[in-house]
Amino acid sequence: MASYGLSAAILGACVLAIHLIGAEETLYVAAVYEHRVILNPRPGVPLRRRAALEHMEKNLHAFAEQAALAALQGAHILVFPEDAIHGFNYTRASVASYLETVPDPEEVTWSPCADPGRFSNTEVLRRLSCMARKNRLFLVANMPDRQPCSRASDPLCPPDGQYQFNTDVVFSDNGTLVARYHKQNLYFEAAFDTPPRNKYVTFTTPFAGRFGVFTCFDILFREPAVTLVRDMGVRQLVYPTAWMNQLPLLAAVQFQRSFSYSAGVTLLAANVRAAALGMTGSGIFTPWEAVYHHDSTEGEQGRLLVSRVPVLDPLAVVGHARPSLVPFSGHPKAEGAVEEDETWPDCNNLQADTRRRKPEATFCLKEESGYREELLAEEPTPPFTSTMMYDNFTLVLLQGREGNLTACDGSFCCHLLFRRSDPPEEELYALGAFDGLHVVHGTYYLEVCALVKCPGQHKGSCGGETERAQTLIDFQLDGIFSTEHVYAGVLGSGMTLDRPDQSGWQSGGRFYMKRRGMTTGLVTAVLYGRVYEKDSCLLSADSP
């Protein structure tokens, strides 16, 4: 099945972002469509080409309607989801009738709509090309792709003499194929091959400059996502996905927002809609704003999102003006952010060693009335272990209305300073830490600090899934990370996206985020660290 997601590049050096000065020339209109995909009810059974085309036409008909609606709202670019034309759960053999050979646009200039006879068996490419041309917009879609190969010249060529790729295609507003990207990080997709070499795909538009392309599970890995952003300086990304929500840390819009905010990029994220499989959640994300949709209702139809967004390509010239550029850290401050002041408890001078294994035995509090500091010689709740997202987190329960906690997994420690409201009903929260190799549904190395609402009233429930919370919490969450790639995220009740007031690096490798004044109950606050260089670590049965 198609991938789920993760990853985000916290840039060590300053990166460039557009500073909006109200100039009309620095904005464009983006659209994403969350499509309720019409599935093949028997994906494991091979079909004839005609039957496969009849199936895909049902989804393409919906695409055509949405492209027209997006154009009426002035969209310059429209992104459709991964797997939205053909569905998923195919075998290598049963997907065969759905495949088309997508030419390399770096070698061939071709508009399938204008020249439909140039390549045979390209009905889907022609349909997409004509949508882009008719509606005068750039169009991004995902489709299965066949690329012939020979073992005589390519030892990695599959035995049947062809690569089968999960492929994104991009058409310009005149219907020309301008980009082709083969998904690099597959998520248990038996029908498709991993490309034999990494390729970083971008395309250039007249309205916003350069965009990068990657797909679903790619977002969790260095290649291609981080390389595009950090090394190639791509600040605008199109992102077809078929993402299964996994709370409390990896719901679709939750991580889409974290990636955009933390990497300082625009992310145009289009997810398929298959509520029975937990697939929903799309959005148009900039480092400052988010227009998004999440609805787990089974009968909910597709949703078109359209928004005006700033041009973030530092090399773009839109109209006759080059957008004004200012440096920022990759963690832009939210509008109206709370500055460092005397009302926020500062206990740093009490933390002599933040990497020690035992939680703090002392809480540091500062009352808002009179700003009086107190030391409470009170033993915290003992740490315990619970499973979160298939990983064994070390957790510490929050007690009282305010406090100062530390949770450690080995030498990796997370620190929380909090003050919370009294909910109508008592709700249980825990601070968790994890440092290790995630090995279920993908292999990747994590350092995670997470403040989570527990779905039940007992600590054994902590780490489980919930979308609802009533407790309002002001907090500072931080940890000392060995990686520069940390994705900060705040999720409120009912899948409401929030954003830190402040976040960034302090001395000693400490990364922090602060949030005060939330208007919805806190479900999750997370610093999701990706240690890409440890992804290849091997587990041993004799490991301690």
Side-chain angles (χ1 to χ4, degrees), residues 247-249 251 253-254 257-258 261 289-290 292 294 331 333-347 363-374 376 380-381 388 395-407 414-432 449-459 461-479 488-503 512-528:
L247 288 166
L249 306 181
V253 293
Q254 177 186 20
R257 184 74 187 101
S258 294
Y261 169 79
E289 303 293 340
Y292 64 96
H294 172 92
H331 290 269
K333 187 189 302 180
E335 189 173 339
V338 178
E339 298 291 345
E340 194 78 45
D341 61 33
E342 291 301 316
T343 66
W344 188 268
D346 182 5
C347 305
F363 295 90
C364 173
L365 307 179
K366 185 176 285 188
E367 296 180 354
E368 291 188 356
S369 56
Y371 311 115
R372 181 172 56 87
E373 293 187 357
E374 298 181 8
L376 301 182
T381 303
M388 187 188 309
L395 298 107
V396 177
L397 294 177
L398 276 64
Q399 292 183 312
R401 292 196 60 191
E402 53 188 5
N404 181 359
L405 296 176
T406 298
C414 304
H415 175 230
L416 174 71
L417 197 62
F418 75 93
R419 179 183 292 121
R420 60 179 169 179
S421 65
D422 290 327
E425 296 181 4
E426 184 178 354
E427 294 181 325
L428 194 65
Y429 282 83
L431 169 66
C449 295
L451 167 60
V452 295
K453 189 226 171 183
C454 307
Q457 291 293 316
H458 54 92
K459 66 182 184 180
S461 71
C462 297
E465 297 191 18
T466 182
E467 291 188 14
R468 300 292 173 182
Q470 297 175 302
T471 305
L472 305 178
I473 303 182
D474 295 341
F475 65 87
Q476 174 174 315
L477 177 65
D478 61 66
V490 182
L491 183 66
S493 185
M495 298 300 294
T496 301
L497 297 182
D498 209 303
R499 186 176 59 175
D501 295 320
Q502 298 174 18
S503 64
Y512 79 99
M513 70 171 170
K514 294 182 180 181
R515 182 69 178 102
R516 299 181 69 183
M518 289 182 65
T519 58
T520 60
L522 178 68
V523 173
T524 305
V526 60
L527 299 177
Y528 201 95

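In this structure, Leu431 and Cys414 approach most closely via the heavy-atom pair CD2-O, 3.6 Å. Nearest heavy atom pair, residue Leu405 against residue Leu397, reads CD1-O, 3.7 Å. The minimum heavy-atom distance between Gly489 and Met513, with the atom names listed, is O-CE, 3.4 Å. Closest approach of Phe418 and Gly400 over heavy atoms only: CE1-O, 3.7 Å. Leu477 approaches Ala525 most closely through the heavy-atom pair CD2-O, 3.7 Å. Nearest heavy-atom pair across Thr524 and Leu249 is CG2-CD2, 3.9 Å.
Between the CG atom of Asp501 and the CZ atom of Phe475 there is a distance of 8.5 Å, given to the nearest 0.5 Å. Put simply, OG1 on Thr406 and CG on Leu416 are 8.5 Å apart, with the number rounded to the nearest 0.5 Å. Taken to the nearest 0.5 Å, the CD atom of Gln476 stands 7.5 Å off from the NE2 atom of His415. Distance check: Leu522 CG to Lys453 NZ gives 10.5 Å after rounding to the nearest 0.5 Å. In this structure, the separation between CG on Asp474 and CG on Leu417 is 10.0 Å, given to the nearest 0.5 Å. Of the inter-residue distances, the one linking Leu451 atom CG with Leu527 atom CG reads 10.5 Å to the nearest 0.5 angstrom.
Panel note: side chain Ser503, backbone Tyr512; no donor-acceptor pair is recorded below 3.5 Å. The closest donor-acceptor contact from the side chain of Arg420 to the backbone of Arg401 lies at 3.5 Å or more, if one exists at all. Using a distance-only test at 3.5 Å, with no hydrogens or angles considered, a donor-acceptor pair links the side chain of Gln254 to the main chain of Pro248. Although no hydrogens or angles enter the test, the distance criterion places no donor-acceptor pair under 3.5 Å between the side chain of Ser493 and the main chain of Arg468. Put simply, the side chain of Glu427 gets close to the backbone of Gln470: a donor and an acceptor are under 3.5 Å apart. Looking only at distances, no side-chain donor or acceptor of Tyr261 sits under 3.5 Å from a matching main-chain atom of Arg499.
In this structure the side chain of Leu395 never reaches within 4.5 angstrom of the side chain of Lys459, judged on heavy atoms. Here the side chains of Met518 and Val490 are in contact, with some heavy-atom distance below 4.5 Å. For the pair Met495 and Leu491, the minimum side-chain heavy-atom distance is below 4.5 Å.
When each of Cys454, Ser461, Pro455 is checked for a side-chain contact (heavy atoms from CB on, under 4.5 Å) with His458, only Ser461 meets the rule.
In Gln457, the CD atom is crowded: over 12 heavy atoms of neighbouring residues, nucleotides or ligands sit closer than 6.0 Å.
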